[in-house]
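Encoded as structure tokens, the structure appears first; notes follow it.
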There are 2 protein chains.
Amino acid sequence: MDARERLITSTQALLWERGYVGTSPKAIQQRAGVGQGSMYHHFSGKSELALAAIHRCADQIRAYTEQRLSAPGTAFARIEAFLLQERQVLQGCQLGRLTADPEIVANPDLHRPVDATFVWLRQRLAEVLDEGVANGEFAVGLDVNDIAATIAGVVQGGYVLAKAAGSDEPYYSAIRGILALLAPPTRQ
Amino acid sequence: MDARERLITSTQALLWERGYVGTSPKAIQQRAGVGQGSMYHHFSGKSELALAAIHRCADQIRAYTEQRLSAPGTAFARIEAFLLQERQVLQGCQLGRLTADPEIVANPDLHRPVDATFVWLRQRLAEVLDEGVANGEFAVGLDVNDIAATIAGVVQGGYVLAKAAGSDEPYYSAIRGILALLAPPTRQ
DNA sequence: GTCTATAATACGATAGAC
DNA sequence: GTCTATCGTATTATAGAC
């Protein structure tokens, strides 16, 4: 892996652990095993590095999520697969974490890909829920956009509860709760 | 208000906006209108200041939440009041925000009150849900601890979605979703 | 209690040699 | 492409006068 690639990977990891404000160029270099001169040759500075790392995270999250949501099976099963997919719960969400960062929110270039990813996620969840309504899996009166936001919210909030507790148990508890509320009548 | 009090209030606001890593003693002093010498007279440093501010936030959140959850009315109505209470959605949760901060998570003194507050919240929500199950408002099979985690999670996750979108709409959408799923059969 | 001075370290970047 | 040197500023205090 070349220096540029190692710098992106290293920035991804540090943004995840410490956020934008908490991540220094020096830490990025050390983790990547790359010198200062090399870093400033490949990237103009911290914000350009962060932009590359955020796009990388967004691409990975979309690909991984799309696999679950477009798999064969009922709408409920696909949403369940999304909610129960392997996650590093105590690390939280790579992109969700950045919404707490004032310098990310204030910088449109950095903010935009975060926004776009959550818009996309809610949209895809709503489409799957729509199929479920058409199937008869879910009640017809359901507002699929609201339920999609609820599902995306439970995941993000589950991370917060888990980090607060220092345990992944509250995350899985929250997921079991939303699955119980969503479960089609035939499963109850 | 004396200097000590202004320093706590100022730290609360900055932790909320910028987190622990992003908040400097100098910024706290300036916002409080208090000099350096005064600050270090009242507090040993940044972490002691943060501890006082976190306890203050936790007390306020508990008091405000308890008002909604112990009000007269059905279990559903009280949970609805909790979810729809006035919030500064785009600012997020004062305590939830801190779970993203590596130095808070790493410092047991700072982490503990955050943990305790979310444990308390889930416990109180579960108690209210229990009353609702006893009432016949909610189905008997419901695991109230799981649903409590789901409800607390939707609030925290709703903040994340709202900050990502730069709008409070996704928050309210997620809340409408969980309320629709929770609504007693007589309301559907 | 509050002030100003001082200090060691870290931050985020630039310059120029190789 | 990568290295080392340098720079101006910010951080997080400590010291001692008032």
Side-chain angles (χ1 to χ4, degrees), chain A residues 1-56 97-98 100-111, chain B residues 1-56 97-98 100-111:
Chain A
M1 202 159 53
D2 64 357
R4 195 188 145 81
E5 198 58 29
R6 284 207 308 282
L7 284 164
I8 294 176
T9 307
S10 156
T11 306
Q12 276 188 280
L14 283 164
L15 286 181
W16 197 4
E17 280 174 29
R18 308 189 44 83
Y20 186 80
V21 168
T23 295
S24 70
K26 190 179 180 183
I28 293 171
Q29 293 152 30
Q30 288 177 338
R31 185 163 195 144
V34 160
Q36 191 143 327
S38 178
M39 194 199 87
Y40 281 104
H41 170 75
H42 291 290
F43 296 94
S44 66
K46 183 174 165 176
S47 70
E48 204 176 288
L49 221 20
L51 186 60
I54 290 171
H55 275 125
R56 184 67 58 89
R97 198 245 168 276
L98 300 178
D101 225 303
E103 301 196 21
I104 298 277
V105 173
N107 181 332
D109 288 340
L110 300 178
H111 190 173
Chain B
M1 203 160 51
D2 64 357
R4 196 190 143 81
E5 197 58 27
R6 284 207 308 282
L7 284 165
I8 294 176
T9 306
S10 155
T11 305
Q12 276 187 281
L14 283 164
L15 286 181
W16 196 4
E17 280 174 29
R18 309 190 42 84
Y20 186 80
V21 169
T23 295
S24 69
K26 190 179 180 183
I28 292 170
Q29 294 152 31
Q30 288 177 339
R31 186 165 195 141
V34 160
Q36 191 141 327
S38 177
M39 194 199 87
Y40 281 105
H41 171 76
H42 291 290
F43 296 94
S44 67
K46 183 173 164 175
S47 70
E48 204 176 288
L49 220 20
L51 187 60
I54 290 171
H55 275 125
R56 184 67 57 89
R97 198 246 168 274
L98 300 178
D101 224 303
E103 300 195 21
I104 299 276
V105 173
N107 181 332
D109 287 340
L110 299 179
H111 190 175

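The shown structure was predicted, so the numbers you read here are calculated from the model rather than taken from an experiment. Chain identifiers are assigned alphabetically (A, B, ...) following the order of the sequence lines, protein sequences preceding nucleic acid strands; residue numbering begins at 1 within each chain.
Between C:dA13, D:dT11, C:dT2, one nucleotide has an atom nearer to the side chain of A:Pro25 than all others, and that is C:dA13. The A:Ser38 side chain lies nearest to D:dC3 when the options are C:dA13, D:dC3, C:dC11. Of all nucleotides listed (D:dA13, C:dA13, D:dT12), D:dA13 comes nearest to the side chain of B:Gln36. Of the candidate nucleotides C:dG12, D:dG1, D:dT14, C:dG12 has the atom nearest to the side chain of A:Ser24. Closest approach to the B:Tyr40 side chain among D:dT14, C:dT2, C:dG12 is made by D:dT14 (side chain taken as heavy atoms from C-beta onward).
In this structure, A:Arg6 contributes its side chain and A:Met1 its backbone to a donor-acceptor pair below 3.5 Å. Panel note: side chain B:Arg97, backbone A:Ala100; a donor-acceptor pair is recorded below 3.5 Å. With hydrogens and angles ignored, the 3.5 Å screen pairs no side-chain donor or acceptor of B:Arg18 with any backbone N or O of B:Thr23. At least one donor-acceptor pair closer than 3.5 Å links the side chain of B:Ser10 to the backbone N or O of B:Ile28.
In this structure, A:Phe43 atom CZ and C:dT14 atom P are separated by 16 Å, rounded to whole Å. Between B:His41 atom NE2 and D:dA15 atom P the separation is 16 Å, expressed in whole Å. Rounded to an integer number of Å, the gap from B:Lys46 NZ to C:dA10 C1' is 13 Å. Atoms NE2 (A:His42) and C1' (C:dT14) sit 17 Å apart, rounded to a whole Å. In this structure, A:Met39 places its CE atom 12 Å from C1' of C:dT14, rounding to the nearest Å. In this structure, CD of B:Gln29 is placed 13 Å from C1' of C:dT4, rounded to the nearest angstrom. Between B:Leu7 atom CG and C:dT2 atom C1' the separation is 12 Å, expressed in whole Å. Between B:Lys26 atom NZ and C:dC11 atom C1' the separation is 14 Å, expressed in whole Å.
Atom CD1 of A:Ile8 sits about 10.0 Å away from atom NE2 of A:His42, to the nearest 0.5 Å.
For the helix from C:dG1-D:dC18 to C:dC18-D:dG1, the end axes, each set by the C1' atoms of five terminal pairs, are bent relative to each other by 0° (nearest 10°).
In this structure, B:Leu51 and B:His55 have side chains that are in contact, with non-hydrogen atoms separated by less than 4.5 Å.
A salt bridge between B:Glu17 and B:Arg31 is present, with a side-chain N of the basic residue lying under 4.0 Å from a carboxylate O of the acidic one.
Nucleic acid contact for A:Thr23: sugar-phosphate only, since backbone atoms but no base atoms lie under 4.0 Å from a heavy atom of the residue.
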